[in-house]
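In what follows, a single structure is set out as structure tokens and then discussed.
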Amino acid sequence: MSVNVLVTRPSMPPMDEYIEEIKDLWESYWITNMGEKHQILQSQLKSYLQSDNVELMVNGHMSLELTLQAMKLQGEVITTPYTFVSTTHAIVRSGLTPVFCDVDPDTYTIDTEKIEMLITDYTSAILPVHVYGNVCNIEEIQRIANKYDLKVIYDACHSFGETYHDKGVGAYGDASCFSFHATKVFHSIEGGAVCYRNQELGKRLEYLKNFGIDGPESVQDIGANAKMNEFSAAMGICNLRHIEEEIQKRKKIDCRYRSHLEGVKGIKLRQEDKNVQYNYAYFPVVFEKEFGATRNEIFDALAREGIVTRKYFYPITNSLECYHRRFDATKTPNALYISKHVLTLPIYSDLSIDQVDCICEIILKMQRKSLYGTLEH
Ligand code: T4K
């Protein structure tokens with residue numbers, strides 16, 4: 001069977017529902033700058049994300065940048081290179097120095113045993129990533145942060161709606177930054193939000209996203225433009241109504257993949273943490289040597305059948321050419337290894353079970369071919 005599948009596809013609300021939601025924008029003529037839809041979505045997200053403090057943003061990236069700016073951080077920020085480029089860029093573009101900590105080989109999140117050895121007099125914060133929705137070792141990160149008086153900002157762009165010990169993931173650390181990009185479990189076309197603890201930080205985020213303007217004749221800081229517009233907020237309002245169904249459909253796809261791939265020699269899947277309620281944002285598979293076929297061969301074999309997978313996250317950010325060899329990726333060997341062996345398989349709510357079966361069949365055929373030299377076996 002030949003299918004045409006992309007790694008992800010945005011979930012669209014019923015068109016009538018969105019049209020209904022945006023109708024009043026033609027009456028109000030208020031289409032951006034913290035209008036009514038913005039207020040409604042922000043308030044609904046406080047409840048959904050179980051966080052008293054939520055500031056909507058134009059995207060996940062600006063959520064990170066403005067949070068770093070609002071905290072007035074200086075010096076070094078300990079983070080991981082196993083992430084989307086945005087995380088590292090946000091640190092560097094904020095005038096801070098990223099210090100890369102390796103990741104845990106099983107969860108791909110920051111290896112908390114390696115954080116303390118990277119702390120110097122210049123360290124001001126830790127910026128771990130809940131990569132693929134795998135929740136970091138929150139307790140240990142907080143213990144270290146408290147001991148050295150460091151801020152903790154989570155890149156929570158992959159973990160919308162997840163809970164850890166029954167609390168929204170945004171409730172941990174000093175702040176958590178979410179992405180509502182079209183490719184995410186929940187989207188507002190483009191969008192993002194910061195969940196935060198400290199009210200002062202919230203005030204700064206509010207004016208930093210609007211050029212630093214904090215009153216009719218007052219500009220407090222050198223801010224940016226990171227406001228979510230009303231059409232995006234309306235999309236968010238619609239999608240939030242369907243979020244539980246979205247996550248359940250993804251869970252079924254995740255289960256189906258596991259039914260084919262779990263226990264296969266040379267295939268490593270995420271081990272679930274029973275304290276986490278997942279959102280099934282991504283389906284990463286690490287292909288080890290024993291599998292036979294390499295990650296790149298599987299990528300190509302799937303592509304030949306019209307199935308687009310992604311090597312999220314290859315190359316790792318401390319090896320990117322834009323950083324001109326400023327960092328040494330061999331110092332984060334786990335991250336380097338995973339980036340060379342991982343493939344994220346298609347997952348989105350409308351992906352059919354037949355398509356999942358077909359993807360797995362192609363992968364398993366590749367194994368038979370490399371181990372036994374035949375497609376039959
Ligand atoms: N931190 C982390 C850990 C992140 O993963 C991200 C974003 C951020 C921070 C920053 O958040 P944002 O500022 O983006 O809110 C995509 C997304 O653009 C990006 O949001 C996401 N992470 C990253 C992991 O993936 P690309 O360059 O892979 O996107 P693209 O255009 O290749 O799209 C991927 C697939 O999605 C395509 O194969 C087709 C499908 N697609 C995409 C779009 C845009 C659609 O079907 N429809 C669409 O409209 O970065």
Side-chain angles (χ1 to χ4, degrees), residues 3-13 55-68 77 79-94 98 103 107-110 127-136 153-160 162 169-170 175-195 209 224-229 231-233 235-236 239 250 279 281-284 299 302-303 306-317 320 335 338-339 342-351 355 359:
V3 285
N4 205 328
V5 177
L6 297 176
V7 70
T8 187
R9 197 164 83 176
S11 287
M12 304 298 275
E55 194 61 48
L56 284 189
M57 293 284 169
V58 69
N59 55 45
H61 181 80
M62 289 309 290
S63 305
L64 287 165
E65 277 199 21
L66 294 188
T67 302
L68 295 170
V77 174
T79 188
T80 68
Y82 193 73
T83 180
F84 189 55
V85 285
S86 168
T87 322
T88 305
H89 283 358
I91 296 170
V92 175
R93 285 168 54 83
S94 304
V103 298
T107 63
Y108 324 137
T109 60
I110 196 162
L127 202 167
V129 185
H130 297 311
V131 68
Y132 306 131
N134 293 352
V135 175
C136 299
I153 305 113
Y154 284 106
D155 181 329
C157 286
H158 296 178
S159 48
F160 182 85
E162 293 192 333
V169 283
S176 295
C177 300
F178 293 88
S179 164
F180 307 156
H181 184 260
T183 54
K184 297 291 191 282
V185 169
F186 166 76
H187 78 87
S188 57
I189 309 171
E190 292 269 3
V194 184
C195 291
K209 79 175 186 188
N225 180 355
K227 294 162 276 143
M228 180 184 284
N229 73 63
F231 287 86
S232 277
M235 181 61 89
N239 281 333
R250 284 169 172 270
N279 65 7
Y282 294 88
F283 197 87
F299 176 90
L302 288 165
I307 298 157
V308 181
T309 56
R310 290 300 280 267
K311 300 170 190 176
Y312 289 138
F313 290 99
Y314 174 85
I316 49 172
T317 68
L320 293 175
I338 298 155
S339 79
V342 75
L343 202 59
T344 47
L345 301 183
I347 187 163
Y348 49 87
S349 58
D350 292 336
L351 187 69
Q355 286 169 320
I359 292 166

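Counting starts at 1 for both ligands and their atoms, following the listed order. The basis for the numbers below is simple: all heavy atoms, side chains too, and nothing from hydrogens, waters or symmetry mates. Numbers for residues simply follow the sequence, beginning at 1.
- For Ala281, the side chain to side chain contact (heavy atoms under 4.5 Å, CB included) partners are Val185, Asn279, not counting sequence neighbours.
- For Glu55, the side chain to side chain donor-acceptor pair (under 3.5 Å) criterion is met by Lys209, not counting sequence neighbours.
- Contacts of Glu190 classified as salt bridge (Lys or Arg N to Asp or Glu O under 4.0 Å), with partners at least two apart in sequence or in another chain: none.
- Using the six-membered ring where Trp is involved, Tyr282 and Tyr312 have ring planes that are perpendicular, over 60° apart on the 30 and 60° scheme.
- Enumerated by chain and number, the residues approaching ligand 1 to less than 4.0 Å through a heavy atom are Leu6, Val7, Thr8, Arg9, Pro10, Asn59, Gly60, His61, Thr83, Phe84, Ser86, Thr87, Asp155, Cys157, His158, Ser179, His181, Thr183, Lys184, Gly191, Tyr282, Arg310, Tyr312, Phe313.
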Test ring pair (Phe, Tyr, Trp, His ring centres under 6.0 Å) applied to His158 and Tyr108, step by step: CA-CA 13 Å; His158 296 178; Tyr108 324 137; over 10 Å; no
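- The 12-atom threshold is exceeded at CZ of Phe231, counting heavy atoms of other residues, nucleotides or ligands nearer than 6.0 Å.
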